Amino acid sequence: MSRSAHPAGPRHADVLPEGHYFAPPADLNALDPKVWARTVTRTDTGAVSVGGLDVRALAEEFGTPAYVLDESDFRARCRAWHQAFGGEADVFYAGKAFLSRAVVRWLHEEGLNLDVCSAGELATALAAGMPAERIALHGNNKSTEEIRRAVEAGVGRIVLDSFQEIVRVAHIAERLGKRQRVQIRVTVGVEAHTHEFIATAHEDQKFGIALAGGQAAEAVRRALKLDGLELIGIHSHIGSQIFDMAGFEVSARRVVQLLADIRDEHGVELPEIDLGGGLGIAYTSDDDPREPHEIAASLTSIVTRECQAAGLAVPRISVEPGRAIVGPTAFTLYEVGTVKVLEGLRTYVSVDGGMSDNIRTALYDAEYSVSLVSRASDAEPMLVRVVGKHCESGDIVVRDAFLPADVAPGDLIAVPATGAYCRSMASNYNHALRPPVVAVNDGTARVIVRRETEEDLMRLDVG
Ligand SMILES: *Cc1c(COP(=O)(O)O)cnc(C)c1O
């Protein structure tokens, strides 16, 4: 189809990439359950509700922009991951996707463990009562203070990321009179991106210790010698927003080979293997993520098969989904401020937030969808770009999406699947006040992270 005959009309000619046919959805009022939290529906009034609450009432009470998080959906996803492995694996939620004390309590109640990668995340986890033995500390450059706090608290594992860190953690643990359980993070030479992966011998990245060149084997040799460390397993994390299980297959095969080499050299079978996170979610209707039980069955069978081939007992598996748990549970609620029609070019819909509450579009070219949520509309689909209010032309929230052509200032629109890496990566650019996270559940709404105020800004700016 020629771009100048775009179904959205001549106004939208020439705005799409060459060869990209972008059809409007059959029904603009429909809400694709793939991208929206489970309790989101459009009610008889035409407006959208979540957790039994009308978004117009939420906007009224909590203001916009706001992240609205469906607590029952979050808990259901935790349970689905927990049950997917039938208790045969440990699920660590990756706190960097989104962390707050309420979230920590939900994780604890639903039987999940927690990954942290900074002192701040560790403090949040401990403050909310996550038992230390269910916390794992990550990071490619943990400070000695972060390591000390984690060891002192008694975290269940520290994932060692470099040769320096092996001795650093051992030294700190010994000084504290402890033996710290650790895993070694290895880079297996798998680069996974969404629908494809590349298996290589080497990897050019800052994380982990390479399997290639015997580096990981040397790290194991050193860790096994140190009294302050109890080496319990090998860790591998291959990427993010992955749909193709083949990358995990290559990764698992290479990690199991290392376990076999360790057995042959040292006579020990390490009891654990962590395959990381990175499992993809649907940001738009084009994405088709797998269910946790399918992923669990696939990972378990890969590891079992590889271990049998190597004559190893099957180690305990752990996984670290972040995005796949929290991503789909929240949407960002915005109010439309202006609609600017550039004849023959494009229509810009500006909202009251932007790159300060969702940097992923600017940073990763991430794709999102958007819907009009304060009312239904029978107007024709109009191709738009949803942008923020920041002083930067790259301040794009949704690059290309259809909204009803009558979208107007004062309407509420919402961008789904913003639970992961949006609030956690939010900034104060232009002295924006970071939006609240409002948790809804069964007819009640509660702020779990409040909106920033100008007073908060002034408190940091000491004059
Ligand atoms: C970021 C990260 C995760 C979580 O990634 P998601 O894409 O959110 O699932 C898991 N493990 C490690 C080590 C990570 O760095």
Side-chain angles (χ1 to χ4, degrees), residues 74 77-78 80-82 84 89-99 103 107 112-118 120-122 125 134-142 146 150 155-162 165 182-188 190-195 197 203 205-209 233-245 247-248 251-252 255 272-283 287 289-292 295-296 298-299 317-330 358-360 363-364 366-367 417-425:
F74 186 97
R77 286 174 198 276
C78 290
W81 275 98
H82 192 54
D90 298 309
V91 181
F92 284 76
Y93 170 76
K96 71 178 196 265
F98 171 63
L99 197 65
V103 162
L107 294 167
L112 264 61
N113 308 286
L114 176 60
D115 272 356
V116 298
C117 60
S118 70
E121 289 183 1
L122 176 63
R134 282 168 54 184
I135 299 174
L137 177 66
H138 275 274
N140 68 301
N141 186 18
K142 309 166 187 77
E146 285 170 327
V155 299
R157 63 169 79 145
I158 294 180
V159 182
L160 302 173
D161 199 272
S162 66
E165 203 170 79
V182 295
Q183 293 186 337
I184 292 175
R185 176 162 175 177
V186 302
T187 49
V188 293
V190 172
E191 253 184 80
H193 305 285
T194 307
H195 294 290
F197 81 100
E203 242 181 293
Q205 57 140 314
K206 71 172 185 172
F207 293 107
I209 298 175
I234 299 297
H235 180 283
S236 157
H237 172 74
I238 57 172
S240 61
Q241 187 59 3
I242 305 165
F243 293 101
D244 183 353
M245 295 303 289
F248 287 100
S251 163
V255 169
E272 293 185 15
I273 156 175
D274 189 314
L275 294 171
L279 300 146
I281 63 165
Y283 282 105
D287 296 323
R290 308 244 196 130
E291 292 297 320
I295 294 162
S298 168
L299 291 181
I317 298 174
S318 48
V319 289
E320 306 175 314
R323 185 193 319 267
I325 290 177
V326 71
T329 67
N358 186 349
I359 191 65
R360 293 191 65 259
L363 194 58
Y364 309 123
E367 289 190 12
T418 58
Y421 306 108
C422 286
R423 181 59 182 80
S424 67
M425 297 179 109

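Everything numeric in this text was worked out from a predicted model, so none of it was measured. Both counts, for ligands and for their atoms, begin at 1 and track the order of listing. Values below: all heavy atoms of this structure, side chains included; hydrogens, waters and symmetry mates excluded.
- In terms of polar-atom proximity, Pro321 is not counted as a contact of ligand 1, lacking any N or O under 3.5 Å from an N or O of the ligand.
- Under the 3.5 Å distance criterion, the side-chain polar atoms of Asp115 are left unmatched by any main-chain donor or acceptor of Tyr93.
- Residue His138 has at least one heavy-atom neighbour below 4.0 Å for each of these atoms of ligand 1: 13 (C).
- Judged by distance alone, with hydrogens and angles left aside, the side-chain atoms of Asn113 form no donor-acceptor pair with the main-chain N or O of Ile135 at under 3.5 Å.
- Looking at ligand 1, you'll find an N or O of Tyr421 within less than 3.5 Å of one of its N or O atoms.
- Judged by distance alone, the side chains of Ser318 and Asp274 do bring a donor and an acceptor atom under 3.5 Å apart.
- Numbered from 1 in the order shown, with element, the atoms of ligand 1 that lie under 4.0 Å from a heavy atom of Glu320 read 3 (C), 4 (C), 9 (O), 10 (C), 11 (N), 12 (C), 13 (C).
- The ligand atoms of ligand 1 that sit less than 4.0 angstrom from a heavy atom of Ser240 are 7 (O).
- Listed for the Glu146 side chain is no donor-acceptor partner under 3.5 Å among the backbone atoms of Lys142.
- Between Lys96, Arg185, His235, Gln241, it is Lys96 that holds the heavy atom closest to atom 2 (C) of ligand 1.
- Both the sub-6.0 Å distance and the 45° axial angle are satisfied by Arg185 relative to the ring of Phe207.
- Aromatic rings from Phe74 and Phe98 are positioned such that their centres are separated by 6.0 Å or more.
- Every atom of ligand 1 is numbered from 1 in the order shown, and the set under 4.0 Å from a heavy atom of Arg323 is 6 (P), 7 (O), 8 (O), 9 (O).
- Given atom 7 (O) of ligand 1, the protein heavy atom at minimum distance is Gly278 CA, 3.3 Å.
- With a 4.0 Å cut-off on non-hydrogen atoms, Phe207 does not touch ligand 1 at all.
- The contact set between ligand 1 and Gly277, taken as ligand atoms under 4.0 Å from a residue heavy atom, comprises 9 (O), 10 (C), 11 (N).
- No close placement of the His237 and His138 rings is indicated, their centers lying 6.0 Å or farther apart.
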